[in-house]
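What follows is a single structure, written as C-alpha cells, with notes after it.
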Amino acid sequence: GTSPYDEVDLDTVPVAGKTMSPTGKSTLGNLDSSSVDVLRGTHAVVLVFNPLKKWTWEYAKREISKIPHRIQVLLMANFKDQCSPSTTTTSQSSTSTSSAMVAKIEAEDIRTYIELLDRPVYFLEASMQNCYGLKGLKTFLNLPFLLLQREVIETQLQQNQRELET
C-alpha cells in the first residue's frame, strides 16, 4: 500500500496553472504586485502610513498613483497617539520626542497633497493601539457597497423610465 509519507515525483504531479521544476520550485518567477494584478476585483484600498517616518508617507504617495480611479482610497495616518507631545510615554526621552516631532508629516500637509490629486482620496488619523479612528475606517469600508448600491438603483430607475415611456 501507499503511505502519505511516500516520495512523490514532482514531474508527474499536475499543479493547476503552474509548471513545477524537478526540484519542486515554481517556474513562474516572482509573484508580486509587479507581475500579478493585486487590485483585480478590488473596490477599496487603505494605505496605512506612519507620519513619524517620512519614507512610509513617500511610499503611500507612490502607491496612490498606481491605483485605478474606480477604486476608493483611504490614506490612514497611524500612531495618532504618538504624534501629540502631550501623549508621550515616560520611556521616551524629551530629545527623541522632539526629533520625532520635527520629522512628523503634518495632517495639513497631507490634506494639501490630497487636494492636488485628480481623484477623491479620503484621509483619516488613527491609532491602532487605542482604536482611535476605527469608526472612520468602518465608515470608509462601507463606501464601495453604497456606491454599488447607488449604481444598481440608478440602473433600475433608468429601466423604469424606459418602461414608462413605452
Side-chain angles (χ1 to χ4, degrees), residues 15-18 25-160:
V15 178
K18 295 183 182 177
K25 294 185 179 177
S26 172
T27 58
L28 288 177
N30 290 336
L31 297 176
D32 59 11
S33 63
S34 65
S35 61
V36 176
D37 183 8
V38 295
L39 296 174
R40 190 173 125 213
T42 301
H43 298 280
V45 171
V46 178
L47 293 169
V48 181
F49 67 96
N50 182 345
L52 300 175
K53 296 181 179 178
K54 188 174 181 178
W55 70 268
T56 64
W57 168 238
E58 295 301 325
Y59 173 79
K61 290 193 314 188
R62 277 194 313 275
E63 292 304 306
I64 287 176
S65 65
K66 300 175 186 176
I67 300 170
H69 286 251
R70 64 177 169 75
I71 298 175
Q72 302 295 310
V73 177
L74 171 67
L75 276 172
M76 190 162 78
N78 193 17
F79 300 105
K80 170 77 172 160
D81 54 316
Q82 295 180 10
C83 293
S84 171
S86 62
T87 58
T88 55
T89 61
T90 54
S91 63
Q92 292 176 316
S93 70
S94 61
T95 56
S96 68
T97 303
S98 62
S99 65
M101 291 302 125
V102 171
K104 180 181 178 233
I105 308 298
E106 298 293 333
E108 196 54 43
D109 295 335
I110 297 164
R111 288 185 183 96
T112 302
Y113 170 78
I114 290 171
E115 287 174 6
L116 297 175
L117 294 174
D118 61 344
R119 63 174 302 152
V121 173
Y122 301 90
F123 172 63
L124 177 67
E125 291 180 289
S127 170
M128 299 294 160
Q129 185 175 20
N130 62 16
C131 297
Y132 179 84
L134 188 60
K135 185 176 180 181
L137 175 61
K138 182 180 175 186
T139 300
F140 170 77
L141 293 174
N142 281 322
L143 280 177
F145 168 74
L146 294 172
L147 290 170
L148 179 62
Q149 187 179 42
R150 181 178 74 182
E151 186 179 311
V152 168
I153 291 170
E154 287 173 349
T155 303
Q156 289 173 339
L157 283 171
Q158 290 170 358
Q159 184 178 358
N160 287 351

How long is the gap from [atom1] on [X] to [atom2] on [Y], to the nearest 0.5 Å?
{"X": "L148", "Y": "H43", "atom1": "CG", "atom2": "NE2", "value": "7.0 Å"}
{"X": "Q72", "Y": "N142", "atom1": "CD", "atom2": "CG", "value": "12.0 Å"}
{"X": "Q129", "Y": "N78", "atom1": "CD", "atom2": "CG", "value": "9.5 Å"}
{"X": "E63", "Y": "L75", "atom1": "CD", "atom2": "CG", "value": "11.5 Å"}

For [X], all residues meeting side chain to side chain contact (heavy atoms under 4.5 Å, CB included), sequence neighbours excluded:
{"X": "E154", "result": "R150"}
{"X": "R62", "result": "E58, Y59"}
{"X": "L124", "result": "L74, M76, L137"}
{"X": "P68", "result": "L39, R70, I71"}

Note, Q149 side chain near I153 side chain (heavy atom, < 4.5 Å) | yes
Hey, does the side chain of N50 reach the backbone of T56 with a donor-acceptor pair shorter than 3.5 angstrom?
-> no
Pairing residues for K135 by the salt bridge (charged side-chain N to carboxylate O under 4.0 Å, His left out) criterion, not counting sequence neighbours | none
Sequence-distant partners of K138, side chain to side chain donor-acceptor pair (under 3.5 Å), two or more places apart = none
Residues in side chain to side chain donor-acceptor pair (under 3.5 Å) contact with N130, at least two apart in sequence or another chain = S127
If every non-hydrogen atom of W57 is compared with every non-hydrogen atom of I110, which pair is closest and at what distance?
-> CH2-CG2, 3.8 Å
CZ/F140: more than 12 non-hydrogen atoms of other groups inside 6.0 Å | yes
Return each pair, listed once, that meets salt bridge (Lys or Arg N to Asp or Glu O under 4.0 Å) where at least one residue sits in residues 124-133; pairs must be two or more places apart or across chains.
-> K80-E125
Tell me, which pairs form a side-chain hydrogen bond (donor to acceptor under 3.5 Å, both in side chains) where one or both residues lie in residues 111-123, sequence neighbours left out?
-> none
